[in-house]
Amino acid sequence: MDNARFADQLAAGCSALGVTVGPDVGPQLQRLMAELLKWNAKVNLTAITAPEEVLEKHFLDSLAVLPEVTGATSLLDLGAGAGFPGLPLRLALPGLGVTLVDTVGKKIAFIKAAAASLGLTGVRGLHARAEGKPETEGIPRAQVLIARAFMDLPDWLNLAPAYVEEGGRVVAMLGKAQTDAELQARAAERNLRVVSARAYRLPFSGAERQVAVFAKQ
C-alpha cells in the first residue's frame, strides 16, 4: 500500500467512524505498520498481515474508541497483543500515558521496540499476567482500563475493577453487540454501572463491533 492510498484509506475510515486524528498520525501509523510486518515475518505477532486489513482491523478498530478514551491521562491495555488498541490511541492522544500488558514476551518486546522506533514517550510494555492483584503483579492502575476481545465479558468485568483508579472507567471492546439489558445485567451483578454503549461497524469490511463503558458504583 503506497503512502497516498494509506492516507486516503485512513481518512475515509476515520470519517466513517466519526473520529478525527492529527496530521502526524497517518505517517506514524505507516511506520508502525512497517515495524509490525517486519517483526511478523520473524515472530508470530498477528494473523492479520495484509496492509489493508492491518489498517482497518488493527488501526481503525483501535481509533474507533477515541470518544471513550479522550480526556483520560492514563490508559491500561490488558491483553494488548501486538499493541492494539493502546499504541494507535497513544499516537492520536499524545498526552496519554499508556501501559500495555501481555503474557507473551515477544509481543511486549515488539511493543517496546515500536515505541522506541516511533520516539513515543509515556508508553510502557509490561510482560505480566493479570489475575486481579495489581500490586503483586506490578501492574499500575489507570483512569481508563481497556481490552479488545481479551476474554468473555463476564470474566472481564470480574477482573477489570481491580485495575481502575477511583472514579475511573472500564472500556470493553466487543464483537457482536449485546443488548442494553444484557449489559445492565452483567454490570449489576458486579456492582458496576453502564456509562455508555455504542455499536458501530468497521468502515470497509462492515464487521460488527460494540464498545461499552462501565464504572464502579
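What you see is a predicted model, and the numbers here were worked out from it, not measured in a lab. Side-chain atoms are counted along with the backbone in the values below, which use heavy atoms only and exclude waters and symmetry mates.
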Mind jotting down which residue pairs meet the ring-ring contact (aromatic ring centres under 6.0 Å, His included) criterion with at least one end in residues 49-85? Sequence neighbours excluded, please.
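Sorted pair list: H58-F84, F59-F84.
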What ring-ring contact (aromatic ring centres under 6.0 Å, His included) pairs are there with at least one residue in residues 181-215, not counting sequence neighbours?
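Listed by first then second residue: nothing to list.
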Atom [atom1] of [X] and atom [atom2] of [Y]: how far apart are they, to the nearest 0.5 Å?
X    : Y    : atom1 : atom2 : value
L183 : L153 : CG    : CG    : 6.5 Å
M1   : Q30  : CE    : CD    : 8.5 Å
L32  : L37  : CG    : CG    : 9.5 Å
L55  : Q9   : CG    : CD    : 6.5 Å
L157 : M151 : CG    : CE    : 10.5 Å
N3   : D8   : CG    : CG    : 11.0 Å

What side chain to side chain donor-acceptor pair (under 3.5 Å) pairs are there with at least one residue in residues 152-161, not counting sequence neighbours?
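Residue pairs with at least one partner in residues 152-161: N158-R190.
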What residue pairs, at least two apart or across chains, pass side chain to side chain donor-acceptor pair (under 3.5 Å) with a residue in residues 122-140?
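Residue pairs with at least one partner in residues 122-140: E135-R141, E137-Y163.
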In a table with atom names and distances, give each donor-acceptor pair under 3.5 Å that connects a side chain of residues 112-120 to protein atoms at least two apart or in another chain.
none

Side-chain contact test, heavy atoms from C-beta onward, threshold under 4.5 Å: evaluate it for [X] versus [Y] and give yes or no.
X    : Y    : answer
N40  : T46  : yes
V194 : D180 : no
L75  : P85  : no
L89  : V98  : no

If I compare all heavy atoms of A128 with all of V101, which pair ends up nearest, and what's the gap?
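Smallest interatomic distance, heavy atoms only, reads O-CG1, 3.6 Å.
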Specify the closest pair of heavy atoms between L100 and V123, including all atoms of both residues, with the distance to one decimal.
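That would be CD1-CG1, 3.6 Å.
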Can you list everything that forms a ring-ring contact (aromatic ring centres under 6.0 Å, His included) with F110? Sequence neighbours excluded, please.
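In terms of ring-ring contact (aromatic ring centres under 6.0 Å, His included), with neighbours along the sequence ignored, F110 is linked to W39.
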Give a yes or no answer on whether the side chain of [X] reaches the backbone of [Y] with a donor-acceptor pair at less than 3.5 Å.
X    : Y    : answer
Q143 : T73  : yes
D102 : I108 : no
K107 : A80  : no

Under 3.5 Å, side-chain donor or acceptor atoms of residues 164-178 against the rest of the protein: list the pairs with distances, not counting sequence neighbours.
{"from": "R169", "atom 1": "NE", "to": "E68", "atom 2": "O", "distance (Å)": "3.3"}
{"from": "R169", "atom 1": "NH2", "to": "E68", "atom 2": "O", "distance (Å)": "3.1"}

Can you sort out the partners of [X] under side-chain contact (heavy atoms from CB on, under 4.5 Å), two or more places apart, ordered by chain and number?
X    : result
P203 : A16, L17, E56, L60
P67  : V19, R198
T70  : L66, L93
N191 : Q217

Under the salt bridge (charged side-chain N to carboxylate O under 4.0 Å, His left out) test, residues paired with K106 that sit two or more places apart:
none
Run I139 and T99 through side-chain contact (heavy atoms from CB on, under 4.5 Å) and show every step you take.
CA-CA 8 Å; I139 299 174; T99 301; 5.6 Å; no
